[in-house]
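Here's the structure, in structure tokens; my notes come after.
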Amino acid sequence: MAAREGKDNLSEEEAAAEIARLTSEINHHDIAYHQKDAPVISDAEYDALKSRLVELELAHPELIRPDSPSLRVGAPPAEGFAKVRHRVPMLSLGNAFSEEEVADFVTRIRRFLNLPDEPVEFTSEPKIDGLSLSLRYQTGKLIGAATRGDGHEGENVTANALTIKEIPNVLPLGVPDLFEIRGEVYMRHADFDALNAAQAVEGRKIFANPRNAAAGSLRQLDPKITASRPLRFFAYAWGEVSALPADTQAGVIAVLGEWGFEINPLMRICNSVDELLAHYRAIEAERANLGYDIDGVVYKVNRLDLQERLGFRSNTPRWAIAHKFPAEQATTVLEAIEIQVGRTGALSPVARLRPVTVGGVVVSNATLHNEDYIKGIGADGNPIREGRDLREGDTVRIYRAGDVIPKVLDVDLSKRPADSVPYEFPTICPACGSPAIREPGEAVRRCTGGLTCPAQVVERLKHFVSRAAMDIDGLGAKQIESFWNLGWVKEPADIFTLEARFGPEGSEPARLAKLDGWGEKSAVNLLRAIRNSAQPELGRFIFALGIRHVGETTARLLARSYGSWAAWRAAMEAAASDENERAQLLSIDGVGTVLADSVIAFFADAHNRGALDRLLIHMNPRTAEQPDIAGSPVAGKTIVFTGTLERMSRSEAKARAESLGARVSGSVSARTDLVIAGPGAGSKLRKAAELGLEVLSEDDWIALIGG
DNA sequence: GTGCCTCGAGTTCC
DNA sequence: CTCGAGGCAC
């Protein structure tokens, strides 16, 4: 190994010692900076430590420690923005596109809160079409600004936010110690036009719309450029806070106005669906005169205690919804219908369109969902659009669903070419030629090729490395595609043997670095990221396996229920022949027969087991983290609710129990720890008595969990 | 069996 | 983002 000394001429031992020293020093400063907010060295000194570490790691990749600060999220390379984790996620809102959906939203809330008749108060305000930003104030000073990103992790744009005039750098005395304010950065029409005119004069980029201009301006690496752009900010929400200055949505927002933020003047309080809809129509009528873009109206439950009770679904709050304006439409020609094969073998038709601008974006592809959608048939077998099947050559109306996803709305039959023929959906897989079968009652036609179908295998590999699964930096769909074509990666385990294939200890220079688009640095980074991914969260790992019916949420549910990989795998393999084990799987609230059988079949398959064995040589999924259960009286217990709950709805009770670390099951068994029975409880209560289980009334339960 | 409510799997463009 | 379908309550 002497030949592999770095260009700094340090020996392996010396380099290792220095890396260890740098690591501990940087960790120390990270803590000082992030947790105590009291840096003890200058940023420049800190950066010097970091770059020395990276330099050593580049020279001695074999010495990179899995806990190296250079790998840490939030400590990125100099280019681009640092990542910031949102302590309170920045979720998106559910959407309503019709008055019925708004009425459903209100009904749902009343039902959840168990207030079928009483009015619930809502705020209603325009939905600004900009980009959301979270501003963190500590003792009244702006200490950080982050974009939404994926909702959990955004980009640190503090330096840029500081240049926006409508964002105060300091709040008045007496504000809570910690206050995260959230709102929308946007650009007014007049400012946008002036900016584009100036850009044109200078021969610079013209922005397609105010939203893009605002986004582009905020994400400038040079804050001076951001400062020169006419950005504005409306405050409308908050994230992590040490105290709240009011107990209603409208009350808190009004206080934000007193603190110096711009708040939207069109916010109103509404007491009924009719009032919400009236306000929606009023805003829609004013839309063209506002001077800035909006794309709908947002309704929120006004009382914060009710918001808290309503809580969150996996990705959206239950207490708010965005009522969207109808989407812009455009007409173009459907030039061809092509078929893509997904990881489950699903054949998905995609429309190739003559490019057309819709809502400021050029669209050339659109999803067609499935066979029936092309035929114009709905799920119930009835035509959605009588006689409106889609044919190549047709003139079609398209729109962007939610202003994002292009969709075909319908056909202009008057423009249909005389020689057009109905589209024939293929019955063999275009990727491998195997028969493509449509199960009775299903909408999707699937390739039966399984592992012999190259399209399915590649898509599964892409899924394995995808963001929500293993999330390996530098290894995305494109890289998987090229490694597959080279024959380097045929199954997940191969990802972990890439290192042996092309260095750093193999051939010199690395074979990877010779490929188009790869340099030595990116190769080293990739290998490091792969090594760094060897201990994934169990839930992510289960999701990565790509078992049918097991998505992100279910994977986490399984991880939480079984705790460790070994326990889960053993249980799933046993469940094939052990009825008790299968019953235990089915007893998990949210797991039914289809899901259970899919998982059991996955583990019964010899090829899958072999691929797992090969993969697990290289990795070790982490045992699932339990929810925050400090002081929780029900942590780790299995709970069953039965009968009618009178003080909260069943879904609310379930959500509360889970947030306290309990496992909510749908059926009573010997493994049940606690049964909460309301009036009208029947068979489950009897069974609980037979088994001698602890049974609580709803009042006891509420007392137990503390209100 | 029916009617929610959620989740999974597919998709676009930048 | 939408659609289809799984899971569960009624």
Side-chain angles (χ1 to χ4, degrees), chain A residues 92-95 97 104-105 107-108 111-112 131 207-209 211-212 215-216 219 312-316 318 322 324 327 338-353 355-373 377-380 384 398-409 438-439 441-446 456 459-460 462-463 466 468 543 546-557 586-598 640-645 649-651 654-655 664-667 680 682 684:
Chain A
S92 50
L93 298 180
N95 289 315
F97 294 96
D104 289 347
F105 166 69
T107 312
R108 213 159 46 225
R111 193 183 312 139
F112 193 100
L131 65 156
F207 294 102
N209 53 53
R211 208 189 79 83
N212 286 359
R219 298 188 69 260
F312 298 86
R313 296 204 278 254
S314 48
N315 287 313
T316 57
R318 287 197 189 84
K324 295 296 205 65
E338 285 176 17
I339 302 290
Q340 296 179 357
V341 183
R343 72 179 161 92
T344 64
L347 268 47
S348 310
V350 179
R352 303 292 173 207
L353 303 167
V356 61
T357 304
V358 200
V361 174
V362 178
V363 167
S364 45
N365 301 300
T367 172
L368 294 172
H369 292 294
N370 56 49
E371 199 167 345
D372 287 348
Y373 193 89
I377 297 173
D380 54 5
I384 317 172
I398 65 167
Y399 69 105
R400 293 205 303 148
D403 282 328
V404 182
I405 312 284
K407 296 204 57 173
V408 174
L409 183 64
R438 192 169 162 188
E439 296 292 341
E442 292 211 339
V444 179
R445 189 174 284 278
R446 287 197 156 81
Q456 284 188 53
E459 292 305 312
R460 284 163 68 146
K462 288 182 189 168
H463 171 80
S466 67
F543 174 62
I547 302 169
R548 257 245 266 165
H549 300 118
V550 180
E552 231 180 309
T553 306
T554 308
R556 270 200 299 268
L557 175 69
L586 284 164
S587 79
I588 299 170
D589 203 10
V591 176
T593 50
V594 173
L595 203 165
D597 290 340
S598 169
V640 175
F641 291 98
T642 181
T644 313
L645 301 179
S649 73
R650 182 172 291 250
S651 48
K654 183 182 163 190
V664 177
S665 171
S667 57
K684 288 186 203 171

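Residue numbers start from 1 in every chain, and the chains themselves are labelled A, B, ... in the order their sequence lines are given, proteins ahead of strands.
Nearer the 5' end of DNA chain B, as judged by each residue's closest nucleotide, is the contact made by A/Gly551, out of A/Pro349 and A/Gly551. Nucleotides of DNA chain B nearest to A/Thr367 and A/Thr554 differ in position, and the one nearer the 5' end is that of A/Thr554.
Straight-line distance from the NE2 atom of A/His463 to the C1' atom of B/dA9: 10 Å, rounded to whole Å. Between the NE2 atom of A/His549 and the C1' atom of C/dG7 there is a distance of 12 Å, given to the nearest Å. We find that OH of A/Tyr399 is positioned 7 Å from P of C/dT2, with the value rounded to whole Å. Atom CZ in A/Arg548 sits about 19 Å away from atom P in B/dC7, given to the nearest Å. As rounded to whole Å, 12 Å separates atom P of C/dG6 from atom CG of A/Asp597. Between A/Glu442 atom CD and C/dA5 atom C1' the separation is 8 Å, expressed in whole Å. Atoms CZ (A/Arg446) and C1' (B/dG8) sit 10 Å apart, rounded to a whole Å. The CZ atom of A/Phe543 sits 7 Å away from the P atom of B/dA9 (whole-angstrom rounding).
A sub-4.0 Å separation between OP1 or OP2 of B/dG10 and a side-chain N or O of A/Gln340 is absent. Not one side-chain nitrogen or oxygen of A/Ser364 sits closer than 4.0 Å to the OP1 or OP2 atom of B/dT12. For the pair A/Lys407 and B/dT12, the criterion of a side-chain N or O lying under 4.0 Å from OP1 or OP2 is not met. When the side-chain nitrogen and oxygen atoms of A/Asn370 are compared with OP1 and OP2 of B/dG10, none of them lie within a distance under 4.0 Å. A close approach under 4.0 Å does occur between a side-chain nitrogen or oxygen of A/Arg343 and OP1 or OP2 of B/dA9. Between A/Arg318 and the phosphate of B/dT6, there is a side-chain N or O to OP1/OP2 separation shorter than 4.0 Å. Distances shorter than 4.0 Å separate none of the side-chain N or O atoms of A/Ser348 from OP1 or OP2 on B/dG10. Applying the 4.0 Å criterion to OP1 and OP2 of B/dT6, one finds that A/Thr553 has every side-chain N and O outside that range.
Taking every side-chain heavy atom of A/Leu595 into account, C/dG7 is the closest of C/dG7, B/dG10, C/dA5. Taking every side-chain heavy atom of A/Asn365 into account, B/dC13 is the closest of B/dC13, C/dG6, C/dG4. Closest to the A/Val363 side chain, of the nucleotides B/dC13, C/dA5, C/dG7, is B/dC13. Listed nucleotides C/dA5, C/dG6, B/dT12 differ in distance to A/Ala443; the shortest reach to its side chain belongs to C/dA5. In the set C/dT2, C/dG4, B/dA9, the nucleotide with an atom closest to the side chain of A/Thr344 is B/dA9. Counting only heavy atoms from C-beta on, A/Val350 has its side chain closest to B/dT12 among B/dG10, C/dG6, B/dT12.
Within 4.0 Å of A/Val591, counting heavy atoms only, lie sugar-phosphate atoms of the nucleic acid but no base atom.
Between A/Gln456 and A/Val341 the shortest heavy-atom distance is CG-CG1, 4.2 Å. Nearest heavy-atom pair across A/Gly590 and A/Leu595 is O-CD1, 4.0 Å.
Between A/Ile547 and A/Ser598, the closest side-chain pair of non-hydrogen atoms falls below 4.5 Å. By the 4.5 Å heavy-atom criterion applied to side chains, A/His463 and A/Phe543 are counted as neighbours.
Summarising the local packing, CZ of A/Arg352 is surrounded by more than 12 heavy atoms from other residues, nucleotides or ligands at distances under 6.0 Å.
Listed by chain and residue number, A/Lys462 satisfy the salt bridge (Lys or Arg N to Asp or Glu O under 4.0 Å) test with A/Glu459 (two or more places apart in sequence, or in another chain).
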